[in-house]
Structures are given as C-alpha cells and as structure tokens.
Amino acid sequence: MKIFKSYFFAFLFVSGSVFAQDEIKPERQPGHTNQNKFKQLYDEFSTPNMFRTASGAPGPAYYQQQADYKMDIELDDDNAKLYGQETITYTNNSPDQLKYLWVQLDQNMRAKDSKTPLIGTSGIGPATSSSGAVGSFLKEPFDGGFNIEYVKDTNGNDLPHMINRTMMRVELPSPMKSGDKFSFQIKWWYNINDHVKDGGRSGYEYFEENDNRIYVMAQFYPRMAVYNDVEGWQNSQFWGRDEFALPFGNFDVNITVPADHILDGTGFLVNREEVFTKDMMKRYEQAQKSYDEPVMIVTQAEAEKTEKTKSSSKKTWKLSAQMVRDFGFATSRKFLWDMMAVKIGDKDVMAVSLYSKEGNPLWEQWSTKTVASTLKSYSRMTFDYPYHKAISVHAPMGMEYPMICYNFGRPDKDGNYSDRIKYGMIGVIIHEVGHNFFPMIVNSDERQWTWMDEGLNTFVQYVAEQDFGKWHPDALSPNDKTFPSRRGPAKNIVRYMGGNQDFIAPIMTKGLNTYQFGSNAYSKPATGLNILRETIMGKDLFDYSFREYANRWMFKHPTPEDFFRTMEDASAIDLDWFWRGWFYTTDYTDIGIKAVKKFAVTAKPNKEGEALANRYNVDPNSLVYFVEEGADGYKEALKESTSIADLPTVKEYVMDNFTPEQQKAMKKAPKYFYEITYEKPGGLVMPIIVEYTYADGSKERETFPVQIWRYNDKEVSRAVATEKEIVAITLDPDLETADVDTSNNAWPREVKESDFDKFKNKAKN
Ligand SMILES: [Zn+2]
C-alpha cells in the first residue's frame, strides 16, 4: 500500500500538470495552437541534390563556370571617357549545353533610355531649390550607357547579339558542350559619370582646384553573368540597387592613364618597375617589412606638387589577378599612397590606402591600420585572407570589389573632424574591406539575396569593430570604452522591428523590392546572427559553424539554404524555427510577464485538494497543499510552512519509502512557490531569459529554450520553488533578444521613467 501511495504522490507532485489538467482550455491543447513556428523548413527549401547536399555543403556534382578576361583599358581624362577592348574566355563546366551567353552591361543603367529613373515615384511640393528644379525638370539625362562597337569571335567574325537593357545575349556559332571553352571579344566605350552629382558606385569626383578628378572605377566592362544549377542564367536586370552575380576567373588588365596618375586595383602589379620611381620602389620595399606603421609610397607633398600640373604623356599599369569575381581600379594625380604589411597565417598581406589630401589627417592616421585590423578579424572568423593585398580608397561613398574598396569619411577644409566622421570612416573601411570575404570570396548571388553578403558581412563587421576598439584604444574617444557599433547589438534593431509593418519586408526578399533597405538587408540579418551567436547557439558552436560555412563555400557560389543547412549541420542545433521567424517573416520579439502567483505550502487539506484526492481515490491526508496568496488559509499556511521537506505528510508518506542514502540526495528544501505566466504578444518565438532577484539581493538566471512555446504560442507558465523569497523578476535583462516592448519585462511592473523624465531628474540632481 505504501508503495502505491508514494508512487501516486510522486506522480502528482513531480508532474505538476495533473493539478492543472482540468484548467487547460481548448485553445491551450496541443494541436490547437499555431505550430507553424516550429514546422521544419521543407516547403521553403529546394530539395538537396548532387550539386548541393542536405548538409549544406557543395555536392559531388557541384560545378561553377569560369570567365577569364584579357583587357586593354584607356582613360581619356580630359573628356572623362573610358575605352576598352576585352577578350573573354568562357569555360562551360556545367553538364548543360549552352546555345548563347549572357553578358552584363551594368553601365546601361545610366543609358539615356534607362528605365531606372522611371521606377521611382515623384510629386510636386509647394517649393524646391532652383538647382533641384533644374535637376528635375530642365536637364537632359546624362548619357552614361555602354557604346558597344563590336562583339566578335577570335577570328574576327561578328557574333550576333541582342541587348535587353543591362543584359546582352551573345549567340554562339555552335552550342557549347560541357567542358568547352569559347573566346570572344568586345570593344566598348562610355562617358564616365560624376558620381558625386549623379550618384553611383563607380565614376569620378571632380575637384575644381587645379581641375582634377579622382576616378574609382567599377562594373566598367561587360561582365559575364552567372550560369549555375539554381538559376540557370542569372540575368535579372540591374536597376541600380541589387548588386552583382559574377563567376570567378583570371584577369590580365592593362590600364593606360595620364603618366602623372597613381593607380591601383585588383591584382598583382606586374610592371611595378616601369611605373614606380626609384624612390617609390625603395619605400615599397620598406613597407613590405613594416608591420606596425604604414610607409608613405607617395607623400602629401609629392601629391600636392603633382596635382598642380598635367602630364601629356601616358603610362600603362599592368595588373594580373587569379580567382577573382570582378575587377576594380582607382586612378588620379591627386593620390597619396601608403602601405604596411600584416601577417595573416604564415603569409604577409599588404594593407594599402589611396587618398587625396582632402582625406587628411584622418586617412593617413587610420585607413591602412583599419585595413590591417579588418583582415586579422575576418580571417579569424572565416579563413585566412587569400589575396596578397587589400586597398582602401578615399571616395564619397562605400563600395567593394576584390582587393579594392571605396570608402567615405572626410574632415572639413581645415582638417577638423567629429567623432561621427571618424567612427563612420573606420566602420565603412571595416565593412568594405570585409566584403572581400562576403561576397568576393564566398561568392553569393547579390542580385537575388542582398542579406547573404551585406548581412553576413555586417555581422562580422561588428565583431571586427569590437576587435579594432580593443587593438587601437587610441582611436577611441575618451568617452568610449568600446567601438560604438551602429549595427549588431540586438537592442539597436528594436525600433525597426517594432515599426509599421506596412513598411517592413522579410529578409528573404529581393533587395530592390524591400523597404528600409539598410535595416532589412544589413542590420536585421547581422543582428539575427548576433542573437544566434550570443544567446541561442553560444560563441563556440556558432563560430565553428560559421567558419565551416565560409570554408565550404570559399571560392564557390552558396545559396541561402546552404548557409541555413550548414549552421545546423555543424552545430546539432535545429534552427528551422529561427530561420523561419527571423528570415521568412516580419514577426518581432515581445515576451512579457503576464502574472505571478505566489503560494504557501501546507499539509492541511483544503476543499479543492480533497476533491482531487477523492477523484483519484487516495487519502487526502497524504497530499501536500498549495494555498495561493490572498486565499483562505494563506496566512496561516505561510506561518506554519517552513519548507516542503519539513511537512509531516512528506515525511510520513514519502520519506519512509526511501533509503537514508536516497533521502540524502533530496538536497532542496524550497519554501516559496510561484507560478509565473509568460505572455508573448510578439509573433517571434525566442528563449525566455529570466532573472530572479531574491530578498537578500542575490540574483539568479534561468533560460527556457525556445521549444517552451511549441504547444502554446501565446502564453506559457512555469512553477518555481525557491528557498529564498523572490522579490523581482526581469525578462531579457541584457536586452539580447530585440524585445520591442520591455514595459512588460519586469515584475513587479516598473513605472518606466521616460527619457524626458530621466533628463529632467538628472538635471535636478
Ligand atoms: Zn556592404
């Protein structure tokens, strides 16, 4: 008999839920609630195959196409025109037969008949500036499209081709079979845009003083489109926002510019001795051995002298690059140039900066050091930087290409700059240099998935910014202990996540079609990864899996599924719920404390308990009773209760059944009992992070895994038994989950001081 009693008691007490069974309302029953939050991602994902495996790795039949370029480029500085002749050798590594090739003509976005200006909406306000009126209504559009002079095979025969806006279809003389190579030539030229006035990721900035330009050139040549197992030809048009999808290849590029220009770009400088002066060679050799401070290759005094005159002769710079997906270069007679070496693994990489005097003193101080620091951080988080250099060029915008990127951040005319300018410049350099890893090496499809490069890159940028702050405390302002990262910490995304849903799109939306582009494609995915790293997976598991993804897809073309699958494959954490909520919906986190009930424990039977005992046909005196605060008998129970272990019923009905050794294992003697109900007004499921504050001031944390929400998406309860009285409960105390409304995160409810009140009270004190 005793055995039965103890069995029943244990069942009743340990499971806890029996007490509440009658209370469960139909909508709280499993199966009734919305379980989509935990539904596996099968419908959304493509089926794994021989090209891409279920683990998220490239499969045994994975292939990628190759496009090699030989180009002769000439800059007409007087007229701001760029001329080029290129030979593309295309290798068909796909198992498919190709009848035609697609070539990207990105500059046609700036053609006179471009449709890009027509997809923006416009209206008329009460007034506008006269220059605004001229720009909107009086000016002919700039003609910056490609002029294609010919498309020929290597025997000089014209190849039939058709241009559909920014895409050109080139007909092949005969279909390319798997493994075939085909070479063809394109001759072209175009008018270079003033990217300060007309915008764009490429173009020139004009300096009236001495009539000079700084050119930062990109997508300046007809480029092969990607053909692969997921898209076929990725020939989605370039509207100006969604960036690029490009195959890897080798480049040999000769660029002819005025002889007094300084030029750098993607690839090894093959003819350094032809284009460098003896002094420059000597300084370059010094820079290769300088690991702490950059060495000036061209000084400010030299650049200032050069920009005052104009050479009428020309110079050709020869660059050669292997396994790059693109090519960019910068050229000007205004450039200062500095370099230093940085050890990455067992290799030396050159960190390089090109800037005009307008960037100083900021650029001389921080650009090259930031490049070096970035390469170290990103290499730690992914793989050793495989190229031999990384260049940061001073320009009015931020944009990235293999080995070279363009970055903003300019002091005023007197050389003064605010913290905002300095941090902005360091942040953008870290970001754009970081793009070497995503998408220049981990070569995702930017045209389709902005987040795969911007989001992943912005996430590592945050890690690299924090490293930079640690490694260069002298770059921080006295008020800042760490680098003030704009994107990354969960609390920084709250305003966006909790904003008007009419203007929020899921991350898995093509960039062109999203609202609030920066928050959608940069901040939100970066923050999501940060939450995974710091809260859900932990740093070790996250970092291992993230590195695995980077290494699996280094010099290859990953898709979103490849990322999602790898992160699970390498960590043994089912993250389908997270990808579904954070990437495929616009749901936000809002978890709160709905109610806290406090109980005292007693052996004295009460009515409800007795009814339960009768139903199960057990002795009512064998039960332990919980009396809620405010109910009859609560005060009395609280007075007599010491701890549950001391109740006579526990001793009489349970302890006798246990050996002294088993009794010793019952170490807890809880005295205070709480039922805490958590509500979830937000659509996202998240772990519940709870901090209990006890009467003695000590604190304890407990995290309930996200699966706690699997049967009920609206509210869940937990019983807590403690030896010390709980006086306060706080949810998500470190603001790790991007909870959009923290007013329900505390018990007892805190009366929130508004920012204004805080300011007022501070002023009083
Ligand atoms: Zn970016």
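All residue numbers in this chain count up from 1 along the given sequence. From a predicted model like this one, the values you see are computed outputs, not experimental measurements. Scope of the values below: all heavy atoms of this structure, side chains included, with no hydrogens, waters or symmetry mates. Numbering of ligands and ligand atoms starts at 1, following listing order.
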Open item on the list: Which of the protein's N, O or S atoms come within less than 2.8 Å of the Zn ion (ligand 1), not counting waters?
Closed with: His431 NE2, His435 NE2, Glu454 OE1, Glu454 OE2
- [ ] Count the heavy atoms of every other residue, nucleotide or ligand shown that sit under 6.0 Å from OH of Tyr544, and state whether that count exceeds 12.
- [x] no
Open item on the list: Within a 6.0 Å radius of atom CG on Asn500, are there more than 12 heavy atoms belonging to other residues, nucleotides or ligands?
Closed with: yes
Open item on the list: Could you tell me if Gln107 and Trp188 have a donor-acceptor pair between their side chains, going purely by distance under 3.5 Å?
Closed with: no
Open item on the list: Closer than 4.0 angstrom, basic N to acidic O: yes or no for Asp474 and Lys369?
Closed with: no
TODO: Identify which one of Glu86, Met71, Gln104 satisfies the side-chain contact (heavy atoms from CB on, under 4.5 Å) criterion when paired with Pro222.
DONE: Glu86
Open item on the list: If the threshold is 4.0 Å, N to carboxylate O, is there a salt bridge linking Glu44 and Arg580?
Closed with: yes
